[in-house]
Amino acid sequence: MTRPTRILASLSLVLALAAPATAQEVEPPAPAKNPGGMRKLFSIMKAEPTIKQVQHWAVSHYRLEPDRIHAMVRNARLKGLLPDVSVSVSNMVGNNFQNTKDGLYPVLPNPAENPNPNFFKERMTSANDEFTWSVSARWGLDRLVFSSEALDAKSLTSLEENLIREVTTLYFARRRVLASIVLSPPTEDEEYFFELVRLDELSATLDAFTGHKFAKQAWDWQKELLGQ
Amino acid sequence: MSYLRVVALAAAALVAARPAAAQPARPAVTDVTHHFPPGPYTTIATAAGDPARMAVGTDSGVVAWTEDGGAQVGSAEALHFRKMDPVTLRNQTSGFGALTMRGGAAVNLPVAKGGVDPAEGGEDDEVRGMHLFLDLLNIGVPGVRYYLWMTVIDPVPTVLGVAVPNDGGPMALAGPHGVYVSDRTRGSWMKAIGAPGIMPHERDPSGVSVGIDPRDGKHILAATDRGLNVSRDGGNVFLPHPDANLENIWISRIAWDPANPDLVFLVTPDQIYLSQDSGRTFEPSFSAAGEIRDLALSPDAAIVATSEGLYLAYADRLDRALEGKDLIGAVPWRDGAVLAATADELFLVQPGGAAQRLLTTSSRDPFLRLAGGGELAWLLRKDGILRLGDPLRRDRRGGKAPRLLLSAGQIERAVLEHTGLGGPLDTRMHERWYAKLVPQVELKAEGKLGYEGSVVLDGTLPVRERYIKGSGHGRTEWSVWASWDLSDFVFGDSNAANPNLMIETNLREKRKELLARIHQSYREAAALARSLERPPADDEAALLARLRLAELNAYLEFMSGRPIVGDLDLE
């Protein structure tokens, strides 16, 4: 025993100098019965939206319903059934003019009535028009077997799970605050007020998560306490 | 010297005056996790000498506290940072870009623009990245990163240390971003030490531990990775401790002696520093063979938990117990006994040194810390809070208890099926070799309509038009092409350069996280259902247990699409 013991002596000494502390007596919490409060709490809870409703509203609001994600995954594969389509149309208009002088007719009989310009003996006017169309369709049938886009859609499950977890936690955190307010409200006004503020904070957050559907059916303490 | 002798005699008398120790009662272990916000938990602390005043911190920045032994619990989101979730945006030219967005935000972002080659007049990637950034800002989502190689780090809101005063006043906490103090209601928290931003930087101080003087709640000691800081005005101003020896030491725990608050202890991995003048000066007072993990004070001994076992420093002797055990903490218990814990075992150490194992846990949910002591103690698990004390009074009434309708294996399969996350093979982000058997099919159809005509005007004849000719033609062709890429089919599917590695990794990690959370929720639900076979006699405690079970059920039911708990009888 060298250094630890030596150093320990000072620690023990100081501890011994301290006044002997009495063991801390901690009473186990006495069972509490509050049937009136329970009845009130359950009547409030029954009138409020259920957790299933809140979850449904939240995923609908954020367009993250499981059915929608599954449909996106399925549709990503079914896209393989539809081709990439190309359509082209072209139109060609051609005109040819051919003027001929003939050595057998050095002088035309009636040059004044010759319809051809520059007194050509013969003029041939021809037109050559062509209209072309094409359609091509290309199927990537391997996408029916595997589409990486389907996994992009699957990654939305991550957002969905985060949202559900957050909403569920908030919902029951609010229920705990509600239970505390109804069953064992703080005796001091200020503490009571802060509990109500906490309830409002959680209600407002849930309301935002659910596209403003939650607050309409949530317990309004102001009506009950202030008569508003 | 005579003074020392007197002290030693007094200490000996104190020890001798104790009645013959009866066999210390084993503490009743009550899981009170459902009274608190969900974990994972990171730290726990009690007020000096008052174990009924307790606070816990979580890895998501939540602090919860009780002033009455766990019956009533308050909580606050003390560290609230933005969370990032990876979302993939694909475009047509460069494969995909990746960005992060806040969890839960709307996902139909109008930002996944198709690209056009810059050589053909399209925008280049940099400009598209700028548009992406601006579009995100317009819809209220912070655009963080565009390119794949840029790593986005979430701020870490873990609570590393928390301190509870003896007067119900403001609390303090330490986290990776610094030290925070609360207002009197504990609903608002303000950073007292640390850099202004939330993203960690190399030179920013990190909070490690905090302690509040039991006599004066305005006297706070806060340890950062740079050393010890002192505040005497409730955390408004912190100054570095004048003792240069306390700079750059890692103080994992700050403890006041409840019997004599002039005594303050700083626990570091190597030694314990002691102040006898309420923290003005400190002297090294103890070192041990192993790493020092925690310190607790009983009326007659200092209890030091180390990685090599337990040291019990009495006035006249030094005892060892649980030698070789890697302890995470130890606290005094009734009748001179000590409760000590490793990461997976809880022991009751008798005054003679004999140890009795009380509890074990799994490596997935290890014990993290012991706090309190005397008549009431707390054992913190990663995902749970255990109250060690008198047994909870339970209702003798029978009645229908909740029951789980699925086994752990069934629920795991149900979740994977319902979410579509599937097994490892379902996240391979490239085409399977057998997909190459299916060809690329191309159908082409082409048609032509043409007309040719000519008029010959002859100047030698009386008729103007000597010849008029006309002809038309039409043609339609079609062809079908099937093409196979035989390279992967013949030579195998190496996929050495997987362009979608990030998405694959994200999905795989997500599945791992999700299943761990499902297992943890299921275990907690099973324990609650079991304990509700005889619910607590306290109506509110019983209700809290049922509310927590309902919360777990709601989460598990949504994720699995199957009912999980029967006879919950709450809503």
Side-chain angles (χ1 to χ4, degrees), chain A residues 4 7-8 10-12 15-16 18-21 23-24 26 28-29 31-34 50-51 55 62 105 108 114-116 121-142 145-146 148 152 154-155 157-159 162-164 168 172 175 179 183 194, chain B residues 7 11 52 71 85 88 103-104 106 185 257 259-260 285-288 299 302 313 315 318 374-376 390 393 419-420 429 431-432 435 438 440-460 464 500 507 510 537-540 543 547 551 554-555 558 571:
Chain A
I7 294 174
L8 188 70
S10 68
L11 178 63
S12 309
L15 285 172
Q24 191 71 30
V26 179
K33 299 288 176 195
N34 185 358
T50 65
I51 180 62
Q55 288 174 333
Y62 285 91
Y105 299 90
L108 292 177
N114 188 345
N116 296 329
K121 182 211 176 240
E122 189 176 292
R123 175 183 175 85
M124 186 169 72
T125 304
S126 61
N128 186 5
D129 298 344
E130 190 170 75
F131 175 81
T132 307
W133 60 268
S134 75
V135 176
S136 73
R138 187 180 178 87
W139 284 265
L141 294 180
D142 53 344
V145 180
F146 179 82
S148 59
D152 288 356
K154 270 188 192 179
S155 67
T157 306
S158 168
L159 291 180
N162 280 352
L163 178 65
I164 284 301
T168 307
F172 283 97
R175 283 260 153 121
L183 296 180
F194 283 123
Chain B
V7 169
D85 284 312
T88 309
T185 69
D257 184 348
N260 179 6
S285 67
F286 179 76
S287 60
L318 175 70
E375 295 292 317
L376 172 66
D390 292 322
R393 294 186 194 176
T419 57
M429 294 297 300
E431 292 175 276
R432 306 294 202 283
V438 185
Q440 298 272 329
V441 176
E442 187 166 6
L443 169 66
K444 279 186 180 173
E446 191 176 280
K448 283 184 181 175
L449 288 174
Y451 163 78
E452 288 177 12
S454 62
V455 177
V456 177
L457 303 176
D458 194 331
T460 61
R464 281 177 65 84
N500 300 308
L507 273 177
K510 184 64 198 176
D538 184 320
D539 278 349
E540 198 171 338
L543 176 70
L547 278 177
E551 180 178 351
Y555 170 70
F558 188 94
E571 288 184 317

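We name chains A, B, ... by the order of the sequence lines, and we start the count at 1 in each one.
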### Task
Nearest 0.5 Å please: distance from the CG atom of L159(A) over to the NZ atom of K510(B).
8.5 Å

### Exam field: side chain K444(B) to backbone V135(A), donor-acceptor pair closer than 3.5 Å
no

### Summary
Here the gap from L449(B) atom CG to D129(A) atom CG, rounded to the nearest 0.5 Å, amounts to 11.5 Å

#### Entry: Which of V438(B), V455(B), T419(B) touches chain A most, by non-hydrogen pairs under 4.5 Å
V455(B)

### Summary
Between S454(B) and M124(A), the two heavy atoms sitting closest are CB-CG, 4.1 Å

### Inter-residue atom distance W139(A).CH2 - E442(B).CD, 0.5 Å rounding
9.5 Å

### Query
So, do F558(B) and T168(A) sit near enough that their side-chain heavy atoms are less than 4.5 Å apart?
no

### Task
Side-chain contact test, heavy atoms from C-beta onward, threshold under 4.5 Å: evaluate it for L457(B) versus K121(A) and give yes or no.
no

### Query
Just wondering, do E122(A) and V456(B) contact through their side chains at under 4.5 Å, heavy atoms?
yes

### Summary
Shortest non-hydrogen pair, F172(A) vs A554(B), comes out as CE1-CB, 4.1 Å

### Message
Using 0.5 Å steps for rounding, measure from the CD atom of E130(A) to the CD atom of E452(B).
### Response
8.5 Å

